[in-house]
Amino acid sequence: MSQALLETYAHTFAELTPETVDQLCTLVSEQVHFRDPFNDIHGPDALRHLLQDMFARAGRPRFEVKDIVWHEYSGTGWLGWHFSTDLPVIGLLQVEGCSRITFDNEGHVKEHLDYWDSAPIYLQLPFIGRLLRRIRNRISSQS
């Protein structure tokens, strides 16, 4: 596959709105595998549902793609990104992460694996966050 396919996917993802979810789903294969710290799904219908749910539950979700890297030898793309949104209970959430993207022989995304630290979400939850902050402080090298 190619850098151009990765760039098309990255730009579509960066411009994602409730109205463009279907457009993004045309770029993925029927067997697409998407995974992040909270989801592990297969197929464009599951991806569509996940993205529509994100827009319904989160306030102003926004992806900013900062890096687009194509590794020709492995046929793998990497996206570095910044995500921000307002979440109920938590408030403003800002996350830095990366995605590993692979394509099938027809040029559709077959795998989109997100890597990012979900700890900021847990640490901001009222009860669990307090407990996790205490644990973090006890095991930190700075304590």
Side-chain angles (χ1 to χ4, degrees), residues 1-29 31-104 107-143:
M1 293 300 102
S2 73
Q3 174 86 21
L5 289 172
L6 180 63
E7 288 179 7
T8 298
Y9 184 73
H11 293 302
T12 304
F13 210 84
E15 300 297 322
L16 198 61
T17 66
E19 295 76 32
T20 62
V21 168
D22 285 337
Q23 180 183 353
L24 182 82
C25 289
T26 65
L27 302 177
V28 302
S29 77
Q31 293 77 34
V32 67
H33 177 213
F34 175 90
R35 185 181 68 215
D36 69 13
F38 300 106
N39 302 282
D40 191 354
I41 59 173
H42 295 269
D45 291 337
L47 180 62
R48 181 179 295 107
H49 180 270
L50 173 70
L51 296 172
Q52 289 170 339
D53 185 63
M54 175 190 70
F55 281 110
R57 292 177 184 236
R60 300 182 321 247
R62 183 172 178 270
F63 291 95
E64 179 185 354
V65 176
K66 296 180 172 258
D67 299 299
I68 302 172
V69 178
W70 178 253
H71 187 254
E72 188 67 39
Y73 181 75
S74 68
T76 303
W78 290 92
L79 305 177
W81 44 262
H82 176 87
F83 175 72
S84 61
T85 190
D86 287 314
L87 293 176
V89 178
I90 293 173
L92 179 63
L93 174 69
Q94 296 192 45
V95 175
E96 297 286 330
C98 66
S99 302
R100 179 179 179 267
I101 310 295
T102 58
F103 294 89
D104 65 14
H108 293 98
V109 173
K110 71 176 180 180
E111 196 169 50
H112 178 143
L113 306 179
D114 280 354
Y115 299 95
W116 54 276
D117 183 6
S118 59
I121 293 175
Y122 294 117
L123 291 170
Q124 292 181 31
L125 293 173
F127 177 72
I128 295 171
R130 192 166 40 254
L131 177 64
L132 291 175
R133 284 189 299 277
R134 290 178 77 187
I135 293 169
R136 181 184 64 184
N137 289 339
R138 284 192 173 182
I139 63 175
S140 170
S141 65
Q142 298 173 8
S143 49

### Summary
By side chain to side chain contact (heavy atoms under 4.5 Å, CB included), Glu64 pairs with (sequence neighbours left out) Arg62, Lys66, His82
### Message
Among residues at least two apart in sequence or on other chains, which ones pass side chain to side chain contact (heavy atoms under 4.5 Å, CB included) with Thr76?
### Response
Ser74, Trp78, Arg100, Thr102
### Task
For Val65 and His11, run side chain to side chain contact (heavy atoms under 4.5 Å, CB included): C-alpha distance rounded to whole Å, both residues' side-chain angles, the deciding distance at 0.1 Å, then the answer.
CA-CA 8 Å; Val65 176; His11 293 302; over 6 Å; no
### Query
Can you list the residues that meet the ring pair (Phe, Tyr, Trp, His ring centres under 6.0 Å) rule with Phe55, with sequence neighbours excluded?
none
### Task
Could you list the residues that satisfy ring pair (Phe, Tyr, Trp, His ring centres under 6.0 Å) with Phe63, not counting sequence neighbours?
Phe13, Phe83
Return the [atom1] to [atom2] distance between [X] and [Y], rounded to the nearest 0.5 Å.
X: Ile68; Y: Leu6; atom1: CD1; atom2: CG; answer: 6.0 Å
X: Trp81; Y: Ser99; atom1: CH2; atom2: OG; answer: 5.5 Å
X: Ile101; Y: Leu113; atom1: CD1; atom2: CG; answer: 7.5 Å
X: His108; Y: Thr26; atom1: NE2; atom2: OG1; answer: 7.0 Å
X: Glu111; Y: Arg35; atom1: CD; atom2: CZ; answer: 7.0 Å

Tell me the closest heavy-atom pair linking [X] and [Y], and the distance in Å.
X: Gly97; Y: Trp116; result: CA-CB, 4.0 Å
X: Ser29; Y: Asp104; result: CB-OD2, 3.3 Å
X: Trp70; Y: Ser2; result: CZ2-N, 3.7 Å

### Task
Could you list the residues that satisfy salt bridge (Lys or Arg N to Asp or Glu O under 4.0 Å) with Asp117, not counting sequence neighbours?
none
### Task
Measure from the side-chain N and O atoms of Thr17 to the backbone N and O of Thr20, and report whether any donor-acceptor pair falls under 3.5 Å.
yes
### Task
Would you please classify the geometry between the His112 ring and the Tyr9 ring as parallel, tilted or perpendicular, with 30° and 60° separating the classes?
perpendicular
#### Entry: Derivation and outcome, side chain to side chain contact (heavy atoms under 4.5 Å, CB included), residues Val109 and Phe34
CA-CA 10 Å; Val109 173; Phe34 175 90; over 6 Å; no
Which side-chain N or O atoms in residues 42-52 pair as donor and acceptor under 3.5 Å with protein atoms at least two apart or in another chain?
unit_1: Asp45; atom_1: OD1; unit_2: Arg48; atom_2: NH1; d: 2.8
unit_1: Arg48; atom_1: NE; unit_2: Asp22; atom_2: OD1; d: 2.6

### Query
Which of these, Leu5, Val32, Thr12, sits in a side chain to side chain contact (heavy atoms under 4.5 Å, CB included) with Leu27?
Thr12
